[in-house]
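The structure under discussion appears below in the form of structure tokens.
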Amino acid sequence: MQNSNNNFEDLFKVMKNVSEKNLDRFKLKELLELIYHDHNSEDIELVFSKLLKILDDFQINSGSSQLKEIIPWNQTHSVLITYADSVSRDGESSLVTLKLILERYFQELSEIVHILPFLKSTSDGGFAVSSHKLLDERFGNWDDLKRLSKKHILMADLVLNHVSSSHPWVQQFIKGQEPGLSNILVPSKDSDWDNVIRPRNSSLFSQINTNEGPKQVWTTFGSDQIDLNWQNPKIFLEFLNLIIDYVNNGVKWFRLDAVGFIWKESGTTCLHLPQAHLIVKALRIKLTTLLREGVLITETNVPQKENLSYLESEDEAHMAYNFPLPPLLLEAVMTSRADILNSWIYDWPKLPVNTTLFNFTASHDGVGLRPLEGLMSDGRIKDLLINCEKRGGLVSHRRLSNGEDKPYELNISWWSAMEDSSRDKERFQQSRFILSQLLVMALKGVPAFYLPALLASNNDIKRFSITGERRDLNREKFDYEKLLTQLNDFNSNARRNLTILSNAMRIRSELKPFHPSSDMKCLTKDRPDVVTIQRSSGDNSIFAIHNITENKINYSINKDFINPSLNKEILLKDYLCGKEYNNLNIVLEPFQVVWIGYK
């Protein structure tokens with residue numbers, strides 16, 4: 001009888017998997033038909049059948065069968081953002097060197113490792129991809145990447161919008177050959193592009209000399225980054241093959257770079273068009289077919305409402321970069337004024353189940369300013385720019401449709417941004433930095449850390465003076481031997497940062513209230529000096545309290561937020577340092593952070 005029951009259960013699982021597989025395939029075809037409604041049915045059927053063959057071949061070769069996707073994040077997860085060659089030494093592939101550094105010094109902070117573009121490229125920190133098959137020789141090879149995946153979940157970039165001007169598709173375009181001829185986007189001369197929203201102040205179109213004479217191509221991010229023609233459905237096949245290469249070499253999390261720009265139509269803003277959302281939905285179905293624990297993360301440096309639009313339907317991205325967080329937190333810490341930050345956290349968006357936010361401060365890009373639209377006054381934004389410039393930062397601009405240039409992002413290392421405004425620049429610098437990273441850990445979502453910031457990287461003036469690229473101020477590269485000297489010095493800023501934050505992440509991993517799905521409240525909406533975040537799981541709560549000022553503050557937790565069953569005898573402790581409290585009054589040192597919970 002037991003065997004019969006087991007057989008029935010196995011049969012039910014098989015039937016359920018087949019049913020889910022067929023449903024996903026139906027949805028995928030439906031999405032293709034919606035995206036490419038102006039194509040004939042034969043074209044769509046051809047692409048659809050090729051997509052299925054690629055997916056089926058993968059499942060046969062990998063021995064996997066499609067299962068219902070799981071949501072693979074909890075309070076133990078954090079992301080370390082790094083370039084493949086952030087740390088290097090002579091005679092060794094940089095991915096090999098990176099593996100050594102991560103295993104020795106970053107274990108608690110690198111459950112997931114986001115390796116910024118590692119494919120062959122020609123500019124923009126790897127985002128001008130010149131080959132979808134080969135890694136940059138300096139970094140190593142696919143096997144080096146796969147070895148990293150043995151102890152870390154890998155995250156990689158899908159640069160969907162463009163390729164390098166040296167990419168084979170561009171060279172084929174020049175010669176009038178396929179697939180490049182169909183894959184490169186040529187703007188129609190008769191179309192209306194006046195309303196296009198720009199992320200740069202460079203030319204929207206660039207001229208390429210082809211065998212048939214000069215042609216204009218679309219270049220959203222600059223002349224070395226040639227936009228792709230997503231109105232050609234066959235481009236889905238190209239990127240599915242790239243995703244499979246990534247999956248086969250250990251990548252499970254995918255950052256969709258600048259995904260909002262991929263679809264262009266005359267008379268529109270060419271940003272977040274409905275087809276862009278449909279393409280993300282199709283990518284999610286394909287990823288789920290390949291990898292049940294796969295994660296899609298959208299990267300759209302835009303105002304909050306637009307940014308969250310990729311999560312709202314529940315079947316698009318799993319996660320979105322939380323772009324308002326870096327500039328809001330930066331302004332609060334620089335000015336010791338957290339009123340806007342508190343109000344923003346208080347109004348934290350309600351997201352669909354099984355989606356969350358990617359919380360970060362520093363990254364390889366600048367600190368975006370568009371996410372401040374509707375959140376911060378022009379006067380305070382201007383003051384933020386001035387404060388960053390005083391600390392050695394620069395301001396990059398984008399071009400509006402009227403030809404005016406407007407500030408788009410701040411280019412500054414996060415460590416330099418934490419400097420004091422007095423003559424003593426290092427006064428409270430580390431305290432501000434630690435507070436900013438601990439606040440990221442306290443928020444609802446998955447925390448992310450940028451390797452150069454953790455290593456106390458100052459503005460890289462030397463690199464910027466060589467390249468002229470403003471973002472290179474925040475992209476310092478480290479020599480392995482010199483870095484070891486720093487990290488072996490327990491008094492160095494880099495070692496202290498890693499020690500404090502690794503310990504905090506270790507503690508966080510044990511506290512269920514910090515799960516990305518656990519409840520969150522901001523208890524200090526009307527205060528400028530303190531940010532208090534209550535995270536709760538069942539009857540258990542953690543109060544993450546941040547003194548944003550250089551003054552000592554006496555702070556009291558409102559008893560209404562304490563579990564009523566504990567009101568008679570309050571026994572609390574700070575999980576970060578172990579200090580115990582028998583009342584609700586907390587004395588906070590300048591820029592101190594405490595994680596208060598029930599003993």
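- For F514, the ring pair (Phe, Tyr, Trp, His ring centres under 6.0 Å) partners two or more places apart in sequence, or in a different chain, are W595.
- Looking only at atom types and distance, the side chain of E306 has a donor-acceptor partner in the side chain of H272 under 3.5 Å away.
- At a cut-off of 3.5 Å, with distance as the only test, no side-chain donor of Q231 or Q275 sits close to an acceptor on the other residue.
- Between K444 and W348, the closest heavy-atom pair is O-CZ2, 3.3 Å.
- Of the possible polar contacts, none joining the T300 side chain to the V302 backbone as a donor-acceptor pair under 3.5 Å is found.
- Under the salt bridge (Lys or Arg N to Asp or Glu O under 4.0 Å) criterion, R337 pairs with D339, not counting sequence neighbours.
- Inspection of the W414 and S436 side chains reveals an N or O donor paired with an N or O acceptor under 3.5 Å.
- Applying the side chain to side chain donor-acceptor pair (under 3.5 Å) rule to S401 yields no partners; only residues at least two apart in sequence or on another chain are considered.
- Residues passing the ring pair (Phe, Tyr, Trp, His ring centres under 6.0 Å) test with H77, sequence neighbours excluded: none.
- In this view, E404 satisfies the salt bridge (Lys or Arg N to Asp or Glu O under 4.0 Å) rule with no residue, not counting sequence neighbours.
- In this view, H114 and D157 satisfy the side chain to side chain donor-acceptor pair (under 3.5 Å) rule, not counting sequence neighbours.
- Looking only at atom types and distance, the side chain of N229 has no donor-acceptor partner in the side chain of N183 under 3.5 Å away.
- Residues P447 and V440 approach most closely at CB-CG1, 3.7 Å, considering heavy atoms.
- With sequence neighbours left out, the side-chain contact (heavy atoms from CB on, under 4.5 Å) criterion links S223 to S206.
- A cation-pi arrangement, defined by a distance under 6.0 Å to the six-membered ring centre and an angle within 45 degrees of its axis, is absent between R399 and Y408.
- Ring geometry for H162 versus F221: interplanar angle of 30 to 60°, hence tilted.
- Proximity of the aromatic rings of F118 and Y246 is defined here by a centroid distance below 6.0 angstrom, and this criterion is met.
- Residues K477 and D460 are not paired through a salt bridge, judged by the lack of any N-O separation under 4.0 Å between the basic side chain and the carboxylate.
- Taking every heavy atom of both residues into account, V196 and C270 meet most closely at CG2-SG, 3.8 Å.
- A donor-acceptor contact under 3.5 angstrom links the side chains of D315 and S313, judged on distance only.
- In summary, of the residues considered (F360, F449, F358, Y450), a side-chain contact (heavy atoms from CB on, under 4.5 Å) with V79 occurs for F358 alone.
- In this view, N497 and Q430 satisfy the side chain to side chain donor-acceptor pair (under 3.5 Å) rule, not counting sequence neighbours.
- Side chains of N411 and S396: a donor on one and an acceptor on the other come within 3.5 Å.
- For K482, there are no salt bridge (Lys or Arg N to Asp or Glu O under 4.0 Å) partners two or more places apart in sequence or in a different chain.
- Checked by atom type, the side-chain pair T269/N195 shows no donor-acceptor distance below 3.5 Å.
- With sequence neighbours left out, the ring pair (Phe, Tyr, Trp, His ring centres under 6.0 Å) criterion links W169 to H132, H167.
- Closest heavy-atom contact between V87 and Y480: CG1-CA, 3.9 Å.
- No donor-acceptor contact under 3.5 angstrom links the side chains of S166 and S130, judged on distance only.
- Neither side chain, E111 nor S78, offers a donor N or O lying under 3.5 Å from an acceptor on the other.
- K264 forms a cation-pi arrangement with W218, by the criterion of a distance under 6.0 Å to the ring centre and an angle within 45° of the ring axis.
- Using modelled atom types, one side-chain atom of Q429 and one backbone atom of W415 make a donor-acceptor pair closer than 3.5 Å.
- Checking side-chain atoms of R398 against main-chain N and O of N201 turns up no donor-acceptor pair under 3.5 Å.
- Under 3.5 Å, the side chains of D124 and Q225 contain a donor-acceptor pair of N or O atoms.
- D136 pairs by the salt bridge (Lys or Arg N to Asp or Glu O under 4.0 Å) definition with R138, not counting sequence neighbours.
- For W230, the ring pair (Phe, Tyr, Trp, His ring centres under 6.0 Å) partners are F236, F239, not counting sequence neighbours.
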